[in-house]
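This report concerns only the one structure given below.
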Amino acid sequence: MDIKAVILAAGKGTRMKSQTTPKVLHEIMGKTLLGYVIDNVKNITNEQFVIVGHHAQEVEKFVNDNYKNAKTVLQSPQLGTGHAVSMVCPNLKNYDGLVLILCGDTPLIKEDTLNKFIEFHNSNNSDLTVMSTIFDNPTNYGRIIREDNNSLKCIVEEKDATPEQKAVKEVNAGIYCLNWGKIKDAFSQLKTNNAQGEYYLTDIISWGKAQNLNVNAYILDDSDEIYGINSRSNLAIASKIMNKRYLEKLMDEGVTIVDPDSTWISEDTKIGQDTIIFPFTYIEGENIIGKSCKIGPCAHLRGGVEVCDNVKVGNFVEVKKSKISSNTNVGHLSYIGDSELGERVNIGAGTITANYDPISKTKSKTVLKDDVKIGSNTVLVAPVTVEQGTNIGAGSVITKNIQAWALALTRSPLKILDNWVSKKLK
Ligand code: UD1
Ligand code: CA
């Protein structure tokens with residue numbers, strides 16, 4: 001089926017109070033809000049239009065760098081959500097399929113839900129379907145207003161609502177499915193006669209009703225999914241919801257999470273059965289963790305990490321863009337970045353891979369082959385390779401490649417001054 005997505009991401013995000021970052025590029029566990037939304041529609045739509053405006057260049061760059069099938073469309077100035085969608089009209093002039101509209105600030109929606117939503121639209125022969133849900137506290141959302149016979153009437157924004165309308169708990173999720181051919185004319189007819197003086201996308205509901213089109217609402221049970229992010233407080237709450245959801249899934253699949261309240265794991269992290277994640281562990285970005293591993297307490301995996309089976313990544317260990325092969329231990333207080341660790345490697349406490357050259361601003365690789373043992377407090381200055389079986393003495397700074405089965409160490413001589421303290425104390 002031909003379905004295109006339109007994702008609204010041009011708004012200023014005033015309530016985020018950010019000088020540097022457009023709202024949709026704020027992150028949850030290392031991934032932007034907009035990234036979550038595009039990821040959730042990219043398998044069910046064949047083309048995605050992202051409406052950009054505020055901080056347009058940054059949002060465009062993000063989309064172009066990460067999503068091949070997504071196009072950005074500029075909305076300038078930003079005159080409201082209805083005006084935002086009207087920007088794609090030239091791109092969809094002769095298009096007659098479905099358009100799925102979503103907001104870039106609603107990252108918790110699931111692909112599965114969107115599929116059900118589209119199915120509902122199709123099986124009801126709907127021309128326009130809006131997603132709604134019931135909130136105990138509906139403040140700030142548009143309210144779904146129904147006729148006496150329960151059919152849809154219109155959507156009223158908080159700022160335009162009468163006290164009676166404000167009491168309505170069914171809210172607009174900001175997600176719509178439209179038969180483009182039937183609804184596209186609405187976008188040239190929207191008016192700005194409302195409290196915010198904007199072209200409201202929500203007005204397509206009453207427009208559709210006036211045209212005698214088939215307009216429906218799909219009521220979502222799990223209201224968490226359409227939680228919108230308008231403030232930093234919303235961002236924190238959404239992060240918690242997303243995290244809890246994924247930890248539950250991991251536990252269902254046979255991963256032990258000792259303390260879900262203090263553990264953060266990004267949705268893009270796969271974890272094998274019987275792995276134990278200890279408290280205060282933070283795992284962001286894309287990672288693969290094998291079976292029967294022990295991660296944490298207080299471990300930080302920063303993305304691009306592949307951990308094979310039966311590996312230990314212990315307390316205060318940070319790992320970034322590295323592969324750790326099976327039966328290897330990185331027990332305590334270490335930084336492993338841009339590295340490849342073989343099997344049965346042991347990394348002593350306080351080991352650092354020095355991967356960054358601040359002069360050339362480049363990163364280099366550390367390779368430790370199978371059975372290498374690194375003594376405590378070692379610095380491995382990359383690029384560097386330690387061949388199989390070699391031991392490195394504690395406190396060494398390794399700046400050259402080392403051959404297999406050797407012992408390598410750097411030591412300044414140990415000085416002992418007899419009675420030095422007792423003389424000083426006299
Ligand atoms: C909107 C809905 C509201 C719904 C809520 C769900 C309207 C008028 N209101 O309200 O009914 O309950 O979402 O979360 O649609 N944007 C643009 N261009 C603009 C203005 C906004 O692209 O000119 C984008 C924003 O970047 C954002 C999205 O549209 O991603 C929604 O805008 P926002 O201002 O957050 O609308 P809400 O007040 O949340
Ligand atoms: Ca919003």
Side-chain angles (χ1 to χ4, degrees), residues 5-16 18 21-26 32-38 41 49-56 58-60 62-63 72-88 101-109 130-135 137-145 152 154-161 165-166 168-176 178 186-187 190-207 217 219-220 223-235 237-238:
V6 175
I7 300 168
L8 308 188
K12 185 156 183 231
T14 315
R15 292 163 279 179
M16 289 300 280
S18 178
T21 311
K23 172 160 83 173
V24 296
L25 295 190
H26 282 265
T32 64
L33 304 183
L34 181 57
Y36 285 104
V37 178
I38 303 179
V41 297
F49 296 98
V50 180
I51 312 297
V52 301
H54 194 73
H55 282 281
E58 282 146 270
V59 182
E60 266 167 20
F62 168 78
V63 172
T72 56
V73 177
L74 185 66
Q75 181 202 16
S76 179
Q78 295 90 42
L79 304 178
T81 48
H83 178 249
V85 176
S86 73
M87 297 294 111
V88 297
I101 302 175
L102 309 99
C103 295
D105 65 352
T106 311
L108 294 166
I109 190 75
V130 58
M131 194 184 288
S132 74
T133 197
I134 312 296
F135 273 145
N137 175 9
T139 312
N140 285 330
Y141 288 85
R143 308 297 202 284
I144 302 283
I145 308 300
L152 278 190
C154 60
I155 299 175
V156 177
E157 292 304 292
E158 171 92 20
K159 286 183 179 147
D160 301 290
Q165 290 170 329
K166 277 187 187 158
V168 172
K169 289 183 187 311
E170 184 180 5
V171 304
N172 170 24
I175 298 174
Y176 313 77
L178 11 144
F187 294 102
L190 296 176
K191 302 266 176 346
T192 57
N193 52 351
N194 53 57
Q196 302 184 79
E198 290 182 357
Y199 295 98
Y200 285 169
L201 175 57
T202 46
D203 287 346
I204 61 175
I205 304 298
S206 43
W207 183 89
I219 306 176
L220 183 66
S223 55
D224 278 355
E225 281 191 49
I226 60 101
Y227 188 78
I229 294 171
N230 298 312
S231 64
R232 308 274 180 161
S233 163
N234 294 157
L235 183 65
I237 291 167

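Owing to the predicted nature of the structure, the values given are computational and were not obtained by experimental measurement. Excluded from the calculations below are hydrogen atoms, water molecules and symmetry mates; all remaining heavy atoms, backbone and side chain alike, are included. Throughout, residue positions are numbered sequentially from 1 according to the sequence presented. Read the numbers this way: they start at 1 and go in the same order the structure lists the ligands and their atoms.
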Looking at Arg143 and Glu158, does any basic side-chain N land under 4.0 Å from a carboxylate oxygen?
yes
Mind checking whether the Ca ion (ligand 2) has an N, O or S of Asn140 under 3.0 Å?
no
Identify which of Ile101, Thr202, Asn230, Val156 has a heavy atom lying nearest to atom 39 (O) of ligand 1.
Asn230
Answer key: the N, O or S atom of Asp105 nearest to the Ca ion (ligand 2) is OD2
Given Cys103, Gly174, Pro77, Ser132, which has its nearest heavy atom closest to atom 31 (C) of ligand 1?
Cys103
Can you find a protein heavy atom under 4.0 Å from atom 13 (O) of ligand 1?
no
Report, as yes or no, whether the 6.0 Å neighbourhood of atom OH on Tyr227 holds more than 12 heavy atoms from other residues, nucleotides or ligands.
yes
Heavy-atom distance to atom 38 (O) of ligand 1: which of Glu158, Gln75, Arg15, Lys12 wins?
Arg15
Using heavy atoms and a threshold below 4.0 Å, how should the contact between His83 and ligand 1 be classified: side chain, backbone, both, or neither?
neither
Determine whether any heavy atom of Ala84 lies closer than 4.0 Å to an atom of ligand 1.
yes
Between the candidates Thr81, Asp203, Ile144, which shows the shortest non-hydrogen contact distance to atom 32 (O) of ligand 1?
Thr81
Between Leu201, Val37, Val52, Asp105, flag the one that comes closest to atom 35 (O) of ligand 1 by a heavy atom.
Asp105
For atom 30 (O) of ligand 1, tell me which residue out of Ile226, Leu8, Asn172 has the closest non-hydrogen atom.
Leu8
